[in-house]
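Here the structure is a predicted model, which means the values were calculated and not measured.
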Protein chains: 2
Amino acid sequence: MKPLKTYILEDQIGHILRRVSQRHSGIFTSQMPSDLTPTRFAAMAKLLECGPLSQNELGRLSAMDIATIKGVVDRLRVRKMVDSKKDPTDARRQLIKLTAKGERVIRAAIPDALEVTKQTVDPLTKAESKQLLKLLSKLQ
Amino acid sequence: MKPLKTYILEDQIGHILRRVSQRHSGIFTSQMPSDLTPTRFAAMAKLLECGPLSQNELGRLSAMDIATIKGVVDRLRVRKMVDSKKDPTDARRQLIKLTAKGERVIRAAIPDALEVTKQTVDPLTKAESKQLLKLLSKLQ
DNA sequence: CTGTTCTCGTTTGTATACTAACTATATATT
DNA sequence: AATATATAGTTAGTATACAAACGAGAACAG
């Protein structure tokens, strides 16, 4: 006899991922300056790490679609966190780089971001947290 | 001497969660009919499980903000997957219920959704997958 | 040199996701 | 009954997220 296929939303990895992401983003919003969203922060952190990048490279490195990264960069530009100039070697490219203000802001925000990570995994022991990262990494 | 606080985006739980969610949603999109998004599916699955619900209840049960669930319900209504009527006992409420079409669609989609879950955790062993769900559940 | 193909970025459209301000209705308190 | 408070839903605004179609430039084939 075949077992019934019942569908329990709460048991599905997709649903749980969504809820955990919601919680994380709530923690992020409450801890960080209001004009730093998770994606803006990610883009700026990558620029700090790598120096000036094309939009495409920045998108790839921070795991954002090109249409998404464009919006993120536009909004960062409005806030004078980044600026851009034509790549002299390739007229299609825009090189995006942190402004002085942007670099100051992202450096100041990094300790807070580490605190966000800490609070997010706070319900777990250190070993559990390490295990979780290991398992999630296999799913990327 | 204080250690340097280096920030590795790829090690942060928020970033990893975002990437895993992206992968899951890609699998969902490729496996499911194009007019069933993850949230639409979740809302309909809850309606199938619980019967008619107010927008508020539906939002709570499927982990969506009231402003979000409104958009989801509106789009489901346009597609004739749900309809709604005034709650006779409370004039503020709209009772949302699956249409016959909606019920047919969601029932047919459930096996596919279980397959999406399966594919999502495919890189993990059964034990790992169970462990992952356990750890994630602690973070909800 | 000339197409062909690829890549970079833009734009449009749709769909979450949440905040804040608002209206309307219900419920509780005095 | 009058007032205060709480709840249900709507609306507007901002920010991801991605698909699809497009133009401009680069790279490469012949």
Side-chain angles (χ1 to χ4, degrees), chain A residues 14-15 17-30 32-44 53-60 62-79 81 84-96, chain B residues 14-15 17-30 32-44 52-79 81 84-96:
Chain A
H15 186 74
L17 280 171
R18 203 158 62 80
R19 300 207 44 182
V20 175
S21 297
Q22 283 171 351
R23 177 166 165 274
H24 172 263
S25 119
I27 294 172
F28 190 101
T29 303
S30 73
M32 305 287 280
S34 69
D35 61 347
L36 271 188
T37 62
T39 47
R40 296 221 273 255
F41 179 87
M44 290 175 73
L53 295 170
S54 77
Q55 251 181 227
N56 241 303
E57 292 167 331
L58 180 55
R60 265 197 306 279
S62 44
M64 287 177 237
D65 185 271
I66 53 158
T68 301
I69 195 71
K70 180 180 190 304
V72 173
V73 167
D74 285 351
R75 285 182 289 272
L76 285 174
R77 202 179 353 237
V78 166
R79 284 165 179 79
M81 299 292 193
S84 59
K85 56 169 203 243
K86 289 258 172 200
D87 182 330
T89 72
D90 186 337
R92 293 168 306 178
R93 291 192 178 198
Q94 294 270 113
L95 277 178
I96 316 291
Chain B
H15 186 74
L17 280 171
R18 201 159 62 80
R19 299 205 47 182
V20 175
S21 298
Q22 283 172 353
R23 176 166 167 277
H24 172 263
S25 118
I27 293 172
F28 191 102
T29 304
S30 73
M32 305 286 281
S34 69
D35 61 349
L36 271 189
T37 63
T39 48
R40 296 220 273 254
F41 178 87
M44 291 175 72
L53 294 169
S54 76
Q55 248 179 231
N56 241 302
E57 292 167 331
L58 180 55
R60 264 196 308 278
L61 291 171
S62 47
M64 287 177 236
D65 184 272
I66 54 159
T68 301
I69 195 71
K70 181 183 191 303
V72 173
V73 167
D74 284 351
R75 286 182 288 274
L76 285 174
R77 203 180 351 239
V78 167
R79 284 164 180 78
M81 299 293 193
S84 58
K85 57 166 200 247
K86 289 257 171 201
D87 182 330
T89 73
D90 186 337
R92 294 170 305 180
R93 292 192 178 198
Q94 294 270 115
L95 277 178
I96 316 292

Review item, nucleotides 21-23 of chain C N/O atoms under 3.5 Å of protein N/O:
none

N/O (side chain, B:Q94) to phosphate O (OP1/OP2, D:dA8) under 4.0 Å: no

Whichever of A:A63 and A:T89 has its nearest DNA chain D nucleotide further upstream toward 5': A:A63

Residue-phosphate contact under 4.0 Å: B:R79 side-chain N/O, C:dA15 OP1/OP2: yes

Sugar-phosphate, base or nothing in reach of B:S54, heavy atoms under 4.0 Å: sugar-phosphate

Minimal non-hydrogen separation, A:F28 against A:L36, with atom names: CE2-O, 3.0 Å

B:R18 side-chain N/O to D:dC18 phosphate OP1/OP2 under 4.0 Å: no

Sugar-phosphate only, base, or nothing, as touched by B:A67 at under 4.0 Å among non-hydrogen atoms: base

Taking distance alone, no hydrogens or angles, what donor-acceptor pairs closer than 3.5 Å link side-chain atoms of residues 61-73 of chain B to residues at least two apart or in another chain?
{"from": "B:S62", "atom 1": "OG", "to": "B:L58", "atom 2": "O", "distance (Å)": "2.6"}
{"from": "B:D65", "atom 1": "OD1", "to": "B:A67", "atom 2": "N", "distance (Å)": "2.8"}
{"from": "B:K70", "atom 1": "NZ", "to": "B:D74", "atom 2": "OD2", "distance (Å)": "2.8"}

Heavy-atom check, side chain of A:K86 versus side chain of A:Q94, under 4.5 Å: yes

Phosphate-side-chain proximity, B:R40 and C:dT16, N/O vs OP1/OP2 below 4.0 Å: yes

B:Q22 CD - C:dT16 C1' separation (whole Å): 14 Å

Sugar-phosphate only, base, or nothing, as touched by B:R19 at under 4.0 Å among non-hydrogen atoms: nothing

Grab the N/O contacts between the protein and nucleotides 4-7 of chain C below 3.5 Å, and write none if there aren't any.
{"from": "C:dT7", "atom 1": "O2", "to": "A:R92", "atom 2": "NH1", "distance (Å)": "2.6"}

With sequence neighbours excluded, residues passing side chain to side chain donor-acceptor pair (under 3.5 Å) with A:N56: none

5' priority, DNA chain C, between A:T29 and B:T39 [closest heavy atom]: B:T39

Nearest atoms (heavy-atom pairs only) where A:S21 meets B:L17: OG-CB, 4.0 Å

Between C:dT16 (P) and B:D35 (CG): distance, integer Å: 11 Å

Distance, rounded to the nearest Å, where A:K70 contributes NZ and D:dT14 contributes P: 16 Å

Interatomic distance where NE2 belongs to A:H15 and P belongs to C:dA17 [whole Å]: 11 Å

Residue-phosphate contact under 4.0 Å: A:Q55 side-chain N/O, C:dT10 OP1/OP2: yes

Any B:T37 side-chain nitrogen or oxygen under 4.0 Å from OP1 or OP2 of C:dT16: yes

Atom-pair distance (CG on A:D65; P on D:dA20), nearest Å: 11 Å

N/O donor-acceptor pair under 3.5 Å between A:R77 side chain and A:S84 backbone: no

Test salt bridge (charged side-chain N to carboxylate O under 4.0 Å, His left out) applied to B:R19 - qualifying residues, sequence neighbours left out: none

B:A91 side-chain proximity, nearest of D:dA26, C:dT25, D:dA17: C:dT25

Between P of D:dT16 and CE of A:M44, the distance in whole Å: 12 Å

Interatomic distance where CZ belongs to B:R60 and C1' belongs to D:dA8 [whole Å]: 10 Å

Helix axis bend for the helix from C:dC1-D:dG30 to C:dT30-D:dA1 - C1'-based end axes, five pairs, 10° rounding: 10°

Heavy-atom check, side chain of A:D35 versus side chain of A:M81, under 4.5 Å: yes

Value in whole Å for how far the P atom of D:dT16 lies from CD1 of A:I69: 9 Å

